[in-house]
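Here is the naming used below: chain letters follow the sequence lines, and residue numbers restart at 1 for every chain.
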Amino acid sequence: MDSTIALFLAQDGITNGAIYALLGLSLVLVFTVTRVIFIPQGEFVAYGALTLVGLETGVVPGTAYLTLVLGIAAFCVDLVRSPDGRQPRVLITRAVSDLGLPLVLLGLSGVVAPANMGPWITVPLAVALVAPMGAYIYRLAFRPLAQATVLTLLIAAVGVHLVMLGLGLVFFGAEGYRATPFTDVSLSLGVIDLGGQSLWVLGVTAVLIVTLWYAFGHTLAGKALRATSINRLGATLVGIPTARSGLIAFILAATLGAISGVLIAPITTIFYDSGFLIGLKGFVAAIIGGLVSYPISAAAAILVGLVEAFASFEASSFKEVIVFTIIIPVLLWQSLRSGHVDEEEE
Amino acid sequence: MINRKWIPAGLILLVALPPLLPVLPDYWITLLNTIGLASLVVIGLVLLTGVGGMTSFGQAAFCGFGAYTTALLTTSLGLSPWLTLPIAILLTCAAAVVLGLLTVRLSGHFLPLGTLAWGISLYYLFGNLEFLGRHDGIPTVPPLSIGGWDFYDDRTVYYVIWSLTILAAVATLNLLDSRVGRSLRALKGGITAAESFGVNTRRAKLVTFVYAAFLAAVAGWAFAHVQRAVNPTPFGLGAGIDYLLMAVIGGVGHVWGAVLGAGAVILLKDQLQTLLPALFGHTGNYETIIFGVLLILLLQFARQGLWGLATRLPWGRLSFVGGLSPTGAPPPSSPSAASLSFPAPSSPTPAPLPALTKRHTPNPDAPLLEVDHVQKTFGGLMAVRDVAFTLAKGEIVALIGPNGAGKSTTFNLITGVLPPTAGAVRFQGRDITGANASEIAAMGMARSFQHVKLLPTMTVLENVMLGAHLRGKAGLARAILRRDRAEERSIRAEAMTQLDRCGLADLAQHQAGTLALGQSRVVEIARALCLDPALLLLDEPAAGLRHGEKQKLAALLTTLRAEGRSILLVEHDMDFVMNQVDRLVVMDFGAKIAEGTPDIIRDDPRVLEAYLGGIE
């Protein structure tokens, strides 16, 4: 391996690592706030990427209809489940967010898809189409189980994963697709060309991480999220609506997933089931961060990306084996570090 | 009413029947075989998830481990499948031990994530290793055979598979209804409680995990010889998720629910795979969508799964399972209000029972308990500072103080739930500082909890039997083979005796979750007594008890002291404390402020100040 290849692999690894960082971040966020080990995080990646491809190729993507269906379902279920939410004001707000929003998005897709409008329109629309799903899925699948054990929530997450995976195949078929890059520009740095798309990935990731860091540290909503993640009961007692925190966490997770999807769609061929494996690599990063630490997860994500890049060059067929075996020493280390067993929540 | 003895025989006959029916197409026999193999894996998962409160996505991978081991050994070395079975089991269990050791010390969600990674790694490893045939796998695995007679036919193989499945189910039921089984079931009630009566929870978790892997290995071994070929696909993560699905759909707390779940999922999948594409006009994984929705709805509306639903039907009452959780218990009548009455001595036991081990006191001259200037800090907060006191044999001492004085923390330091930051604790002359709760329990220290920690779905008797965990010896193998019955009877008798002296014998068969708070506290005392403790630590035993019940508790404590047992109790009921104890230790803001007999403490100005505020 010469230095050019090494640099190329490093670029590749860091680009993928940035995506894993976003996913790891979402997983940590969702887990700490709602205790859900969110297996379907990767599905948002595939949905985001393939929705973008659909919009580019002139097809109204199935996800646009799915968002509407989920919105309607969430609206109806809340109508039945929460009697206090039947006041006109609440009803109107919900109608707008659950029915109006997906309808508008569907209408927009109908206009945008055939018109071939370029990434400045299609990319934000693809993200916007997928992001509300996070909220609807939380309300349909997880909020009714808010008091359940981590194990039950995990199994519910598996259920959501199965549904999203099955629907992904229906919407996008078994073929893989690649989106057009946002830009053709590439930056020449001596021996190596930095791809424009890689720059996009790194730039957007950096902006998102800084924004999130600011939001968590300096806004009321962000502080409420942190409070919920640190102590749910305490947060409830001081008047933080923890269900809303959960909702925000899921919307953020879906948004970050969709953004990851549109970012890598031009670099990697995405199949309907690619998201799962990508999401799991986010998990590896999140596990290294102990499922609680954002900075360690982000750093670990870059490491995962690099290991994957170099492994795919040195022993390509064992790439996945190597990536997923990283967590063994991590678990060992965490295991040795943990002293007395804490009382487990039940 | 059908004689219950005939039910198992009838069931065996029913299971033995299908292959003998010529009208039943081969296809259905194959399907039944698939169900049997899946059940084998899912039974392990039921134990892991429903009983042990852990879960694994890696069961399919363990299955694959077993399958590839036997496939490789039988094809390359020409070994007999019967010879490779133990090897396959041994290798798989070894892998499970390693994986388990890595995760059992961590909190519960690391095991599913660890097994997720294990499942994926192994799938890709199978698919890329040259000597395992890469993605094509190993074809031409020999069939099972006995004395030169090969089991090629699905109808013959059927008997092998279902014998294994039924054996596994019965073994698992036996296991659950045993000393080891109770300790596994105790895992769900929290680590602290289980450790307090001597269960090594890490080991219990590991045993559960390895047992589940063992069943998966057997299923994998059988799979290889039934299919007569192996490739990575049936052992991937998707299959691992399918097994979890079966366990949850069947009812994750029930062994027979595993068979039901496997049957439901496999049959439904089979039907949906032909029905749905026809309905929608093109192919797709529609059944996955249905299963996902089903899973979510089930968790929200019927978390007990199909088996839970079935047992709620009228005929579900005709329970033949025994042992495991709600359905096994006789239908409870409502606990009587005045249930703390002491009944007449129970009828003498007919046969002499093997005696449970009695404890010996290693050093009778040393003070029983010596708390030597212990400290505990949580971050900047000093919860316990420099607390020292001793407790002699046969003495009742109360630890009192206002809320937040550090009493329960002191309890936790003594019983090993928390390690002290400084200082030492000696018990019967031995230094137990830093020993863990189960080791300390083994030395003869038993406790009850301020927040009652009983297992709500187990009967009162089973809960109390858990207290005698350390006094039995029967292990896993004896439990499965039912060689532990004599010891079980002793433990049961001991538990019954303790329940009886606590006045709760008539509640023995009730589910612990149906008891009132006061009764639950007394059950915890009975459980603690089963340990045959030299020292009993009771955390607010009188809280929630009515006046009459308190008097009975007082009488019980007096009897225990007369037996030479020492008692340390935390209690807020001053009447109770002052009349009952020999000495008091008073704490405030983490420090000991006074110590002495009730008369001295009653007039101590520092104590009055702590309780009533400063006197101007």
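Using a 4.5 Å cut-off between heavy atoms, A/L280 touches chain B through its side chain atoms alone. For B/F57, the part lying near chain A is the side chain, with the backbone staying farther off; criterion is any non-hydrogen pair under 4.5 Å. With a 4.5 Å cut-off on non-hydrogen atoms, A/I328 touches chain B through its backbone and its side chain both. Interface remark: B/I120 contributes side-chain atoms only to the contact with chain A (heavy atom separation under 4.5 Å). For A/Y272, the part lying near chain B is the side chain, with the backbone staying farther off; criterion is any non-hydrogen pair under 4.5 Å. Heavy atoms closer than 4.5 Å to chain A are found in the side chain of B/L245, but not in its backbone. Within the 4.5 angstrom heavy-atom criterion, atoms from both the backbone and the side chain of B/L102 approach chain A. If you measure heavy-atom distances from A/L165 to chain B, you find no contacts under 4.5 Å at all. Heavy atoms closer than 4.5 Å to chain B are found in both the backbone and the side chain of A/I155. For chain A, no part of B/F126 is nearby; none of its heavy atoms comes within less than 4.5 Å. Residue contact with chain B, scored on non-hydrogen atoms closer than 4.5 Å, is absent for A/I326. Contacts of A/L331 with chain B are made by both backbone and side-chain atoms, with heavy-atom separations under 4.5 Å.
Note that CH2 of B/W118 is 15.0 Å distant from CZ of A/F324, once rounded to the nearest 0.5 Å. The CG atom of B/L111 lies 9.5 Å from the CG atom of A/L151; values are rounded to the nearest 0.5 Å. Distance CG/A/L162 to CD1/B/I296: 8.5 Å, rounded to 0.5 Å. One finds the CG atom of A/L167 at 4.0 Å from the CD1 atom of B/I289 (value rounded to the nearest 0.5 Å).
The closest side-chain heavy-atom distance from A/V163 to B/T288 is not below 4.5 Å. Inter-residue side-chain proximity for B/I241 and A/H161 is flagged as met; some heavy-atom pair is nearer than 4.5 Å. B/V248 places none of its side-chain heavy atoms less than 4.5 Å from the side chain of A/V158. Put simply, the side chain of B/L129 reaches to within 4.5 Å of the side chain of A/F318, judged on heavy atoms.
Chain B forms more heavy-atom pairs under 4.5 Å with one residue of A/G159, A/G166, A/G173, A/A174 than with any other, namely A/G159. The candidate with the highest count of non-hydrogen atom pairs below 4.5 Å against chain B, out of A/I39, A/V330, A/L145, is A/L145. Ranked by heavy-atom pairs under 4.5 Å with chain A, the first of B/L237, B/I290, B/L297, B/L298 is B/L237. Interface summary for chain A: among B/V293, B/L295, B/V98, B/N128, the most heavy-atom pairs under 4.5 angstrom belong to B/N128.
The two residues A/I327 and B/G114 make their nearest non-hydrogen contact at CD1-CA, 4.0 Å. Residues B/Q300 and A/L140 come closest through the heavy atom pair NE2-O, 2.8 Å. Closest non-hydrogen pair, B/S121 versus A/V321, comes out as O-CG2, 3.5 Å.
In the displayed structure, B/R134 atom CZ is contacted under 6.0 Å by more than 12 heavy atoms of other residues, nucleotides or ligands.
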